[in-house]
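Accompanying notes for the structure given below.
Computed from a prediction, not measured in an experiment: that's the story for all the values here. Each chain gets a letter, A, B and so on, in the order the sequences are listed, and its residues count up from 1. Side-chain atoms are counted along with the backbone in the values below, which use heavy atoms only and exclude waters and symmetry mates.
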Amino acid sequence: MIRTHYSTQVTSEMNGTSVTICGWAHEIRDLGGITFLVVRDREGLVQVTLFKKTIDKNVLEVVRNLSRESVVAVTGTVKKEAKAPNGYELVPTQVTVLGKADSPLPMDTTGKVDADLDTRLDARFMDMRRPRTQAIFRIRHLMLKSIREFLDQDGFIEITTPKVVATATEGGTALFPITYFEREAFLNQSPQLFKQLMMSGGLDRVFEIGPIFRAEEHDTRKHLNEATSIDIEASYLDNEDVMVILENLVKHVYSTVAEKGTKYLEMLGVVITVPKTPFRRITYDEAITIARDNGEKIEWGDDLSTESEHSIGKTIGEHYFITDWPTKIKPFYAMPYEDKPEICRAFDMMHPRMELSSGAQREHSYELLKQRISDKGLNPDGFEFYLKAFRYGMPPHSGWGVGAERLLMTMLGIENIREVVLFPRDRKRLSP
RNA sequence: GUCCGGAUAGUGUAGCGGCCUAUCAUGAGGGCCUGUCGAGCCCCCGACCCGGGUUCAAAUCCCGGUCCGGACGCCA
């Protein structure tokens with residue numbers, strides 16, 4: 001192992017000890033008699049100071065010939081120094097170039113000159129070196145980790161379902177066809193059907209965090225053709241029960257990030273307000289009334305337009321649920337109310353800016369489910385692998401799916417969803 | 001897919017018919033400088049998306065293409 005310490009593990013109390021730091025040549029400032037090399041690693045910056053009179057000539061030569069963003073290993077003595085950032089600097093005994101960087105760089109990493117998102121995505125590896133960009137992905141990690149902890153704590157078992165599937169899952173969205181040996185297959189739009197199968201399988205409570213694929217030709221700041229979905233499914237719980245899990249999960253994510261992600265939130269200049277639970281619940285009927293009061297044209301049975309969504313979000317001003325949706329605009333697996341089958345036990349969880357999640361209590365009667373598939377104009381034969389599980393003892397169950405990117409972008413106040421994905425896939429972008 | 005806006009050095013920009021041999025910053029190369037921390041100062045390098053048209057003259061106007069941004073649609 002070359003590295004002995006990350007930049008942040010070195011302190012002025014270590015005065016006199018020798019350490020090796022590995023990272024990128026962030027900046028080189030040659031003042032003549034004294035040269036400063038700032039090395040950046042994952043955790044922060046270290047100042048390496050070279051005094052012309054006392055430094056080894058070979059070391060000085062290496063540093064003077066160093067190009068910005070080259071990878072270096074610096075072995076040096078920690079020197080307590082009030083004039084240095086963080087109160088210490090490194091007096092090098094050896095500087096090794098581990099990876100030379102060409103010049104000019106595809107973009108600036110120091111924050112002096114902004115680059116367009118498109119430029120940054122073309123050189124994402126370099127963009128990732130910017131502390132600001134890295135902060136987003138460190139928070140993404142905190143978010144996913146806290147979700148796993150929360151769900152594990154609540155008895156959920158993590159599963160992994162296939163992304164290559166034989167048939168369209170739910171209708172509605174367009175799928176990417178692929179060649180699977182001599183047959184046609186598709187990239188899955190959602191783990192929905194498979195997580196439901198696990199209710200029949202007796203796992204009782206499951207979750208999956210994984211990729212979903214949508215072949216829709218959308219072109220907005222909140223859509224991706226490959227996104228990350230956080231899905232749960234739980235037996236013996238109704239729609240209200242899983243809504244409670246969802247709002248508590250969101251609250252948990254926010255408080256965990258606020259608590260453990262302070263450093264990254266500061267880098268981004270973001271202050272997080274942990275949402276209060278329970279989230280407000282409004283019915284679909286109430287939602288369209290609000291939209292109409294705000295001047296939107298909307299008929300009962302219409303899905304919410306972007307404008308309506310924004311107008312309702314503005315009125316409510318915080319996370320909320322829209323419940324009791326018209327059965328005809330929700331998928332076949334949403335359970336209609338027994339006494340009022342035109343509406344169903346489906347809900348959407350909303351951030352004022354956009355929809356974050358949709359879920360429902362599921363229809364678990366084989367006969368009704370089969371009927372609903374037909375009613376939606378889908379062929380039940382294609383769903384035999386799924387329907388079969390409902391004929392041999394399927395518990396009542398409910399679940400939801402949250403768009404991980406949307407949860408993250410709304411939490412951080414980021415405008416473009418592409419910012420929170422390493423290598424976004426959209427209508428135009430397939431590389432890198 | 002529709003509508004609107006845009007494309008100028010590696011990066012980010014100014015210019016919007018002749019003052020353009022194109023502005024500024026950052027960066028690259030060279031020089032000065034022993035405490036910089038967006039170091040400073042001097043020199044220097046580097047660009048008008050592609051194709052067609054209008055005009056005495058096009059970075060600038062028009063048409064087409066490509067790509068980018070935004071709104072909407074589709075969708076979650």
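The gap from the P atom of U26(B) to that of C41(B) amounts to 9 Å, rounded to the nearest Å. The P atoms of G17(B) and G12(B) are separated by 25 Å, rounded to the nearest whole Å. Atom name C1', nucleotides U8(B) and C67(B): the rounded distance is 15 Å, in whole Å. Rounded to whole Å, the separation between the C1' atoms of G6(B) and G65(B) comes to 15 Å. Taking the P atoms as reference points, G29(B) lies 24 Å from U36(B), given to the whole Å. Look at the P atom in both C24(B) and A9(B): the space between them is 16 Å, to the nearest Å. Rounded to the nearest Å, the gap between the P atom of U60(B) and that of G53(B) is 14 Å. C50(B) and C68(B) have their C1' atoms separated by 15 Å, with the value rounded to a whole Å.
For RNA chain B, the residues of residues 108-130 of chain A within the heavy-atom distance limit of 4.0 Å (strictly under) are Lys112(A), Val113(A), Asp114(A), Ala115(A), Asp116(A), Asp118(A), Thr119(A), sorted by number. For the segment residues 47-57 of chain A, residues with any heavy atom less than 4.0 angstrom from an atom of RNA chain B are, sorted by number, Gln47(A), Phe51(A), Lys53(A). A heavy-atom distance below 4.0 Å to RNA chain B is reached by none of the residues of residues 244-254 of chain A. Contacts between residues 356-364 of chain A and RNA chain B, counted as heavy-atom distances below 4.0 Å, involve Ser358(A).
With a 4.5 Å cut-off on side-chain heavy atoms, His310(A) and Arg353(A) do not count as touching.
Closest to the side chain of Ser305(A), from the set G38(B), G35(B), G73(B), is G73(B). Distance from the side chain of Glu355(A) is smallest for A76(B) among the nucleotides A76(B), G1(B), C75(B). Checking G70(B), G1(B), G35(B) against every side-chain atom of Arg221(A), the shortest atom distance belongs to G70(B).
Look at Ser190(A) and you won't find any side-chain N or O under 4.0 angstrom from OP1 or OP2 of A76(B). Using a 4.0 Å cut-off, no side-chain N or O of His310(A) falls inside it from OP1 or OP2 of A71(B). In terms of phosphate contacts, Asn86(A) brings no side-chain nitrogen or oxygen within less than 4.0 Å of OP1 or OP2 of C37(B).
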Might you work through the salt bridge (charged side-chain N to carboxylate O under 4.0 Å, His left out) test for Asp324(A) and Arg281(A), ending with a clear yes or no? CA-CA 10 Å; Asp324(A) 302 349; Arg281(A) 283 131 168 88; over 6 Å; no

The test is salt bridge (charged side-chain N to carboxylate O under 4.0 Å, His left out); show your working for Glu415(A) and Lys222(A) and say whether it passes. CA-CA 8 Å; Glu415(A) 298 292 335; Lys222(A) 58 176 183 180; over 6 Å; no

Salt bridge (charged side-chain N to carboxylate O under 4.0 Å, His left out) assessment of Glu149(A) paired with Lys145(A): CA-CA 6 Å; Glu149(A) 283 165 356; Lys145(A) 185 168 171 253; 3.7 Å; yes

Please assess Lys328(A) against Glu342(A) for the test salt bridge (charged side-chain N to carboxylate O under 4.0 Å, His left out), listing each intermediate value before the final yes or no. CA-CA 7 Å; Lys328(A) 66 172 184 180; Glu342(A) 68 276 15; over 6 Å; no

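For the side-chain contact (heavy atoms from CB on, under 4.5 Å) criterion with Ser7(A), the lone passing option out of Asn86(A), Val38(A), Val46(A), Leu90(A) is Val46(A). For the salt bridge (charged side-chain N to carboxylate O under 4.0 Å, His left out) criterion with Arg418(A), the lone passing option out of Asp118(A), Asp122(A), Asp116(A), Asp426(A) is Asp426(A). Put simply, the residue from Glu69(A), Glu27(A), Arg129(A) that forms a side-chain hydrogen bond (donor to acceptor under 3.5 Å, both in side chains) with Thr109(A) is Glu69(A).
For the pair Leu187(A) CG and C75(B) C1', the interatomic distance rounds to 17 Å; values are reported in whole Å. Following rounding to the nearest Å, Glu419(A) (CD) and G70(B) (P) show an atom-to-atom distance of 10 Å. The distance between atom CZ of Arg132(A) and atom P of U11(B), rounded to the nearest whole Å, is 20 Å. One interatomic measurement links the two molecules: CG of Leu60(A) to P of C33(B), which rounds to 14 Å at whole-angstrom precision. In this structure, Phe36(A) places its CZ atom 4 Å from C1' of G35(B), rounding to the nearest Å. Put simply, CD on Glu27(A) is 12 Å from P on U26(B), counting in whole angstrom units. In this structure, Trp325(A) atom CH2 and C75(B) atom P are separated by 13 Å, rounded to whole Å. Across the protein-nucleic acid pair, Ile212(A) atom CD1 and C75(B) atom C1' stand 11 Å apart, rounded to whole Å.
Within the nucleic acid shown, Asn416(A) comes within 4.0 Å of sugar-phosphate atoms alone, with no base atom in reach, counting heavy atoms only. Counting any heavy atom pair closer than 4.0 Å across all strands shown, Pro85(A) reaches a base atom.
For His364(A) and Tyr333(A), the distance between ring centers is not under 6.0 angstrom. Close placement of the Phe383(A) and Phe332(A) rings is indicated, their centers lying within 6.0 Å of each other. Taking the ring centroids of Phe347(A) and Phe321(A), they lie under the 6.0 Å cut-off.
Between Ile212(A) and Pro191(A), the shortest heavy-atom contact is CG2-CD, 4.0 Å. What you find for Ile28(A) and Val63(A) is that their closest heavy atoms are CG2-O, 4.2 Å.
Remark: the Glu89(A) side chain and the G35(B) base include a donor-acceptor N/O pair separated by less than 3.5 Å. With hydrogens and angles ignored, no donor-acceptor pair closer than 3.5 Å exists between the side chain of His218(A) and the base of C74(B).
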Can you give one letter per nucleotide of nucleotides 40-49 of chain B, going 5' to 3': B for a protein heavy atom under 4.0 Å from the base, S for sugar-phosphate only, - for none? ----------

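The residue among Val38(A) and Arg68(A) whose nearest nucleotide of RNA chain B lies closer to the 5′ end is Arg68(A). RNA chain B is contacted by both Ala84(A) and Asn225(A); Ala84(A) maps to the nucleotide lying nearer its 5′ end (nearest heavy atom per residue).
In this structure, Tyr320(A) has no ring-ring contact (aromatic ring centres under 6.0 Å, His included) partners at least two apart in sequence or on a different chain.
Between His351(A) and His319(A), the two ring planes are perpendicular [angle over 60°; tilted spans 30° to 60°].
Pairing of C61(B), defined by two Watson-Crick or G-U wobble distances under 3.5 Å, is identified with G53(B). In this structure C75(B) sits in no base pair that meets the Watson-Crick or G-U test at under 3.5 Å. With both pairing distances under 3.5 Å, G5(B) is matched to C68(B) as a Watson-Crick or G-U wobble pair. In this structure G40(B) sits in a base pair with C32(B), meeting the Watson-Crick or G-U test at under 3.5 Å.
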